[in-house]
Protein chains: 2
Amino acid sequence: MTNLLKNKKISETPFRKEVLAIFGRYNNAIPLSIVEKELKEYNRITLYRTIKIFLEKGIIHEITISGEESNYAVCQEECNTDAHHHQHIHFKCKKCEIIYCVEINKFPSIALPNYKIEQLEIQATGLCQSCNV
Amino acid sequence: MTNLLKNKKISETPFRKEVLAIFGRYNNAIPLSIVEKELKEYNRITLYRTIKIFLEKGIIHEITISGEESNYAVCQEECNTDAHHHQHIHFKCKKCEIIYCVEINKFPSIALPNYKIEQLEIQATGLCQSCNV
DNA sequence: TTTTTAAGTGCAACAATGTTGCAATAAATA
DNA sequence: TATTTATTGCAACATTGTTGCACTTAAAAA
Ligand SMILES: [Zn+2]
Ligand SMILES: [Zn+2]
Ligand SMILES: [Zn+2]
Ligand SMILES: [Zn+2]
């Protein structure tokens, strides 16, 4: 996790390491508000810039759901500035409201007449492993 | 289109009719900035409240793509406050950048062990009918 | 390791976006 | 038409995100 910053060719500062460590402690996507809560003290602007560069460099990716706060989760290693290479869906649990990145082996494909589909992004809602009892 | 407001049980005001007419003139999703451009003069707050109630009542739905302005498109008749009943995907063209609501007859389904999936939302990117030549 | 260079941080100030209370106004209902 | 109810516009505010610039820190070179 630590060498991720070096791998992505951005300076390894204490603040960035700390933010990255927070993401690492969760195995689901988290909103900025949680990052802020976990940081004892921080500069609002620096945090914005950190999130921005993490997104640009493919360190994290953003999950947006209409009417809700954006969530962020660490990317796969292969992601970069130009493209994200995820083979997962974003699953939001209706009960615990946690958003998970769920790996999926056979990604569905759809065809639309006259359209050329290059990429699919899937968001699912329902009950997660813990809540589906 | 006009009686849509009555059907959804909200007051039929000149402003609301005008905003609804703008959505009706497009056959794709549009951002707030286009609505604003089409309105000769308008009150910013009233527009926000109009969009908000349209969303709540299931008159329009919101399409959010990470890092981009939200887009809005008219809903199917069956949509309501509690649930949207769309059988379509959101397709964003890489070239013209327009976002379309594309009807799809066989909606894909996915299964995840231990998860209970209740709803899927799909966003696709590629080339639209016009740009795919 | 020290020096040089490049990048990151924090402050101030600003811009954009969204919200709320309240009085005036308009729409729906009786 | 009169009454009730909902909508609108204003002012003021809250939140979110951005930019320029000086200062500090990290990385690279010597
Ligand atoms: Zn859950
Ligand atoms: Zn993800
Ligand atoms: Zn196109
Ligand atoms: Zn749609």
Side-chain angles (χ1 to χ4, degrees), chain A residues 1-23 29-72 80-81 99, chain B residues 1-23 29-72 80-81 99:
Chain A
M1 201 79 176
T2 311
N3 52 354
L4 188 52
L5 296 171
K6 278 179 186 164
N7 291 350
K8 301 289 179 172
K9 294 189 181 63
I10 62 165
S11 296
E12 199 178 16
T13 68
F15 185 73
R16 285 176 182 173
K17 280 198 263 186
E18 201 182 350
V19 173
L20 198 52
I22 293 169
F23 283 112
I30 54 172
L32 221 50
S33 57
I34 286 189
V35 178
E36 288 171 320
K37 233 172 280 171
E38 297 246 350
L39 294 164
K40 16 197 164 304
E41 61 180 48
Y42 68 97
N43 181 279
R44 204 174 59 93
I45 296 142
T46 304
L47 179 55
Y48 275 117
R49 289 198 269 223
T50 300
I51 295 297
K52 204 176 183 182
I53 200 167
F54 279 12
L55 287 170
E56 283 168 6
K57 297 287 176 176
I59 293 169
I60 58 172
H61 61 285
E62 189 179 25
I63 300 127
T64 47
I65 296 182
S66 297
E68 295 184 26
E69 212 180 350
S70 281
N71 278 257
Y72 304 92
N80 58 49
T81 312
I99 294 169
Chain B
M1 201 79 177
T2 311
N3 52 354
L4 187 54
L5 296 171
K6 278 180 186 164
N7 291 351
K8 301 290 179 171
K9 293 188 181 65
I10 62 166
S11 297
E12 199 178 16
T13 70
F15 186 73
R16 284 175 183 173
K17 279 197 264 186
E18 201 182 350
V19 173
L20 198 52
I22 292 169
F23 283 113
I30 54 171
L32 221 52
S33 55
I34 286 190
V35 178
E36 287 171 320
K37 234 171 280 173
E38 297 246 352
L39 294 164
K40 16 195 167 305
E41 61 179 49
Y42 68 96
N43 181 279
R44 203 174 59 93
I45 296 141
T46 305
L47 179 56
Y48 274 117
R49 289 199 270 223
T50 301
I51 296 296
K52 203 176 183 182
I53 200 167
F54 279 13
L55 286 170
E56 282 167 8
K57 296 288 176 175
I59 293 170
I60 59 173
H61 61 286
E62 190 178 25
I63 299 127
T64 48
I65 296 183
S66 296
E68 294 184 28
E69 212 181 351
S70 281
N71 277 257
Y72 304 92
N80 59 50
T81 311
I99 294 169

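Proteins get letters first, then strands, A, B, ... in listed order; numbering begins at 1 in each.
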How many Å lie between CD on A:E68 and C1' on D:dT15, as a whole number?
18 Å
Using a heavy-atom cut-off of under 4.0 Å over every strand shown, decide if B:R49 touches base, sugar-phosphate, or nothing.
base
Between D:dT24 (C1') and A:F15 (CZ): distance, integer Å:
16 Å
First of B:I45 and A:T13 reached from the 5' end of DNA chain D, by closest nucleotide
B:I45
First encountered from the 5' end of DNA chain C, between A:P14 and B:P14:
A:P14
Chain A reaches DNA chain C, atoms under 4.0 Å from its heavy atoms, from C:dA7 to C:dA12
So does A:K8 pair up with A:E56, basic N to acidic O under 4.0 Å?
no
Let me know the distance between NZ of B:K17 and P of D:dT8, rounded to the nearest Å.
12 Å
CA sep, side-chain torsions, deciding dist, call: B:I22, B:I30, side-chain contact (heavy atoms from CB on, under 4.5 Å):
CA-CA 10 Å; B:I22 292 169; B:I30 54 171; 4.0 Å; yes
Once side-chain contact (heavy atoms from CB on, under 4.5 Å) is applied, do any residues pair with B:I45, and if so which ones, sequence neighbours excluded?
B:N43, B:R49
In numerical order, the residues of residues 32-39 of chain B whose heavy atoms come under 4.0 Å of DNA chain D are none
Starting at CD1 of B:I51 and ending at P of D:dT7, how long is that distance when rounded to a whole Å?
15 Å
DNA chain D nearest-nucleotide lookup for A:S11 and B:I53: closer to the 5′ end is B:I53
In whole Å, what is the span from the NZ atom of A:K8 to the P atom of D:dA27?
18 Å
To the nearest Å, give me how far apart CD (B:E56) and P (D:dA6) are.
14 Å
What one should report as the nearest heavy-atom pair of A:F23 and A:V35 is CZ-CG2, 4.0 Å
Test your reading of the model: is there a side-chain donor-acceptor pair from B:R16 to the backbone of B:S11, 3.5 Å cut-off?
yes
If every non-hydrogen atom of B:S70 is compared with every non-hydrogen atom of B:T64, which pair is closest and at what distance?
OG-CG2, 3.2 Å
Taken to the nearest whole Å, CD/A:E69 to P/D:dG17 is 9 Å
Rounded to whole Å, how long is the line connecting atom NZ of A:K6 with atom C1' of D:dA28?
13 Å
Indicate yes or no: does B:E62 engage B:K52 in a salt bridge with an N to O separation below 4.0 Å.
no
Give me the atom names and distance for the closest heavy-atom approach of A:N71 to A:A29.
OD1-O, 3.6 Å
Determine the contact category for B:R16: base if any of its heavy atoms lies under 4.0 Å from a base atom, sugar-phosphate if only primed atoms, P, OP1 or OP2 are that close, otherwise nothing.
sugar-phosphate
Distance check, rounded to the nearest 0.5 Å: B:E69 atom CD versus B:I34 atom CD1?
8.0 Å
Starting at the 5' end of DNA chain C, which residue's closest nucleotide do you reach first, B:K52 or B:I10?
B:K52
